[in-house]
A.B. asks: 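The structure under discussion is supplied below as structure tokens; questions concerning it will follow.
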Amino acid sequence: MIHCNHLLLLLAWLANHTSANAALIRVHYGYFPEASPTLVACARGWFTYENYHVTCYPQTSGTFAVSRLDSGSQLHLADLGSTPLIQGLARGADIRVVYINHYKG
């Protein structure tokens, strides 16, 4: 069993608040290839639920992840550091903070 993090909690909530007859919802998730429970869950396909299919995309930089989030179709969720997040918000990117996984610095 893996330690729950923000994406697992969000998907668990969505799975419990959607009817069984709902259409399949596809979620594009951007992650950074560093040791984390999220990386293991992506690799093993643990983010697939009855009505949700999460495809995990490795990201090379927070700036690229912000632009992909802002596009509205390339990424729906992503792990971001505080600097790319603030820079994206300052540029007017239409992104929201759902959860702060951990603080660095």
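Predicted model, so just to flag it, every value in this text is computed and none were measured. Only heavy atoms go into these numbers, but all of them, side chains included; no hydrogens, no water, no symmetry mates.
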A.B. asks: Could you check whether Tyr29 and His76 have their ring centres less than 6.0 Å apart?
C.D. replies: no
A.B. asks: With a 4.5 Å heavy-atom cut-off, do Val27 and Leu77 have their side chains touching?
C.D. replies: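 The answer is yes, as the side chains (C-beta and beyond) meet within the 4.5 Å cut-off.
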A.B. asks: With distance as the sole test, does Gln59 use its side chain to make a donor-acceptor pair with the main-chain N or O of Tyr57 at under 3.5 Å?
C.D. replies: yes
A.B. asks: Mind checking the OG-CG spacing from Ser82 to Leu89? Nearest 0.5 Å is all I need.
C.D. replies: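 Separation between the atoms: 11.0 Å.
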A.B. asks: Tell me, do Ile95 and Leu85 make a side-chain contact under 4.5 Å, heavy atoms counted?
C.D. replies: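 Sidechains of Leu85 and Ile95: in contact.
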A.B. asks: State, to 0.1 Å, how close Pro84 and Thr63 come at their nearest heavy-atom pair, and which atoms those are.
C.D. replies: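 Nearest pair, atom of Pro84 first, then Thr63: CB-N, 3.9 Å.
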A.B. asks: Can you tell if the side chain of Thr38 reaches within under 4.5 Å of the side chain of Phe47, non-hydrogen atoms only?
C.D. replies: yes
A.B. asks: Go through the structure and list residues passing side chain to side chain contact (heavy atoms under 4.5 Å, CB included) with Ser67, not counting sequence neighbours.
C.D. replies: none
A.B. asks: As an exercise, state the distance from CZ of Arg44 to SG of Cys56, rounded to the nearest 0.5 Å.
C.D. replies: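 Output value for this atom pair is 13.5 Å.
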A.B. asks: For a 4.5 angstrom cut-off between non-hydrogen side-chain atoms, does Ile25 reach His53?
C.D. replies: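 The answer is no, as the side chains (C-beta and beyond) never meet within the 4.5 Å cut-off.
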A.B. asks: Is there a path of hydrophobic side-chain contacts, each under 4.5 Å between heavy atoms of I/L/V/M/F/W/Y residues, joining Tyr52 to Tyr31?
C.D. replies: yes
A.B. asks: Testing the basics here: between Ala78 and Leu69, what is the closest heavy-atom pair and its distance to 0.1 Å?
C.D. replies: CB-CD1, 3.8 Å
A.B. asks: May I have all residue pairs that pass salt bridge (Lys or Arg N to Asp or Glu O under 4.0 Å) and include part of residues 52-78, sequence neighbours excluded?
C.D. replies: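 Qualifying pairs: none.
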A.B. asks: Taking C-beta and beyond as the side chain, do Glu34 and Leu39 meet within less than 4.5 Å on heavy atoms?
C.D. replies: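 Side-chain contact under 4.5 Å: no.
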A.B. asks: Side-chain contact test, heavy atoms from C-beta onward, threshold under 4.5 Å: evaluate it for Val40 versus Trp46 and give yes or no.
C.D. replies: yes
A.B. asks: So which atom in Leu75 and which in Gly30 form the shortest heavy-atom distance, rounded to 0.1 Å?
C.D. replies: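 In this case the closest contact between Leu75 and Gly30 is CD2-N, 3.6 Å.
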A.B. asks: Does Phe64, at its CZ atom, have more than 12 non-hydrogen atoms belonging to other residues, nucleotides or ligands within less than 6.0 Å?
C.D. replies: no
